[in-house]
Structure formats: C-alpha cells, structure tokens
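All ligand and atom numbering here is 1-based and tracks the order in the structure.
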Amino acid sequence: MTAQLPARVLVATRNAGKLVELRPMFAAIGREVVDLDSAGVPETPDEDAIEAFDTFEANALAKARHFHRASGGLPTVADDSGLEVLALGGAPGVRSKSYATAAPGQSQTQANNDRLLQALASEEDRRGRFVCAVAFVDADRELVVRGETTGVITREARGAGGFGYDPLFLSDDLGQTLAEAGPEAKARVGHRGRAFVALTAALGAVPPSGPSAG
Ligand code: IMP
C-alpha cells in the first residue's frame, strides 16, 4: 500500500517530540526521514503565522505547502496536532502549542499543563481527545488525513515520557498516561500513529497525476 510514498520524505516540524515519534514510523516502512535542519531550511520568525487557520487540517496543509516550497521541492509531510477537551468546548484545540503564557523561567509545556489543570479544577467531566492532521505535499499530490485518540485529563501529571500534555492524558486504550506508556504503545494507539497509518493507506490509493497521467 505504501508504494507511492517516496523513499525520502521531509518531515517538516520544529518540534523534537514529534520528530522522535515520526522518524521510526517512516523507518519501519523503509522510508528515510529528512528533517528541516538537514534539508537546510532555517527557522524564520514568521513560521508561527503559517498555522493561523481554525482547523488542524488547514494548518497541516499550510505547513506542508510552505516547507515543500522552502525545501526546494522535497516530498513533505507536516502535522498539526493538539488536545481537545469536551468540557472546555474543544480548547485548547488548534491553539494547544501556546495555550498559556509562560512565566519567566517557566517552560511553555509547564505553563500549558498548569493552565489545563486550572481550567478543569472543578470539572468532573474530564474527557478529551488528541487530534493529529497529517498533510503530504509533493509535485503532483496534496492530501490530508486525520488520527485521533481518546482519554481523560488526570488531576496531576504522571510519567516522564512523551512530550507536551502527555503526562495529563490518561489513554482510554492503554489505561495509563501517554507519558507513562512506552513509545511503541503511544505510536500504536496515539493520534500521530493513527494519522500515519491513514497517510500510508491514502497515498497508496492516490496515484501521482503527472502530465502524462489520465
Ligand atoms: P502544533 O505544532 O501547532 O501542531 O502544536 C502541537 C501542540 O499540541 C504541541 O505543542 C503540544 O502542546 C500539543 N500536542 C500535540 N501532539 C501531542 C502529543 O502527542 N502529546 C502531547 N501534546 C501534544
């Protein structure tokens, strides 16, 4: 099914946690991952403005298009992801990365997690889901797929693995937080792993539409 996925793919993210998760997924199907640094795409101050849309899908596609161009045409994968909490009307959602304002000396992740716990302090319904949209762009094709995983927000952080909100997300599938789960378990049931599976399936089904194609 993955015959249409090129041998080398630019995985366009500045988030080290995402790269750590995505690299082995591509390696497992024999694809080489090129990251932005090795592709020679320096970080620019305006990059955050690329993902200003209201949906994960639109943001992922905007990032993939941008980095496809910026890399000089490498087949490019970009993800946009985040946490949606039912009792918060879907927040932090597409704004998950900068949900809170970090105090001096505080990490963005710590600030985000503190704000989330605060927002749910008196809430019994703690259900949420992680969403990941993955976009693929090359010279001939553009496509976007989605993966999701459900869970509940804990009352305190648990576990040291993963990144971002993982210590606060008790996975329905695993019965432990995504920071307690090992990388294989997170890849198997996680939103990014599920989006990756959807991507390989979708690419297999979408042939390149070059000038000579139908
Ligand atoms: P993006 O770079 O705009 O896609 O922002 C993604 C943000 O969502 C991250 O900075 C995290 O705060 C959160 N997030 C996305 N995926 C995960 C995950 O797998 N675990 C924990 N937090 C995540």
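In the vicinity of G164, heavy-atom distances shorter than 4.0 Å reach the ligand 1 atoms 21 (C), 22 (N). Remark: ligand 1 atoms within the under-4.0 Å shell around heavy atoms of R192 are 15 (C), 16 (N), 17 (C), 19 (O). Listed by number with element, the atoms of ligand 1 under 4.0 Å from a non-hydrogen atom of G82 are 8 (O), 15 (C). Atom numbering of ligand 1 starts at 1 in the shown order; those under 4.0 Å from a heavy atom of D166 are 18 (C), 19 (O), 20 (N), 21 (C). Ligand 1 places these atoms under 4.0 Å from at least one heavy atom of H191: 16 (N), 17 (C), 18 (C), 19 (O).
F130 CE2, 3.6 Å is the protein heavy atom nearest to atom 23 (C) of ligand 1.
Remark: R146 does not engage D80 in a salt bridge, criterion side-chain N to carboxylate O under 4.0 Å. Electrostatic pairing of D166 and K186 counts as a salt bridge here, judged by a charged N lying under 4.0 Å from a carboxylate O.
For T109 and N112, the side-chain atoms include no donor-acceptor pair closer than 3.5 Å. Side chains of D114 and Q118: a donor-acceptor N/O pair is absent below 3.5 angstrom, by distance only. Looking at T44 and D46, their side chains do bring a donor and an acceptor atom within 3.5 Å of each other. In this model, no donor atom of one side chain and acceptor atom of the other lie less than 3.5 Å apart for R129 and T149.
Residue nearest to atom 15 (C) of ligand 1, selected from S81, S98, S96, P167: S81 (by heavy-atom distance). If you check each of F163, Y99, Y165 against atom 17 (C) of ligand 1, the one with the closest non-hydrogen atom is F163. Ranked by closest heavy atom to atom 18 (C) of ligand 1, the top entry among K18, R14, K186, K63 is K186.
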**Report entry** Worked verdict on V144 versus F56 for side chain to side chain contact (heavy atoms under 4.5 Å, CB included)
**Finding:** CA-CA 10 Å; V144 189; F56 295 106; over 6 Å; no

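Heavy atoms from other residues, nucleotides or ligands lying under 6.0 Å from CD of E43 number more than 12.
Ligand 1 has a nitrogen or oxygen under 3.5 angstrom from a nitrogen or oxygen of D80. Taking any N or O of E51, backbone or side chain, at least one lies under 3.5 Å from an N or O belonging to ligand 1. Taking any N or O of K97, backbone or side chain, none lies under 3.5 Å from an N or O belonging to ligand 1.
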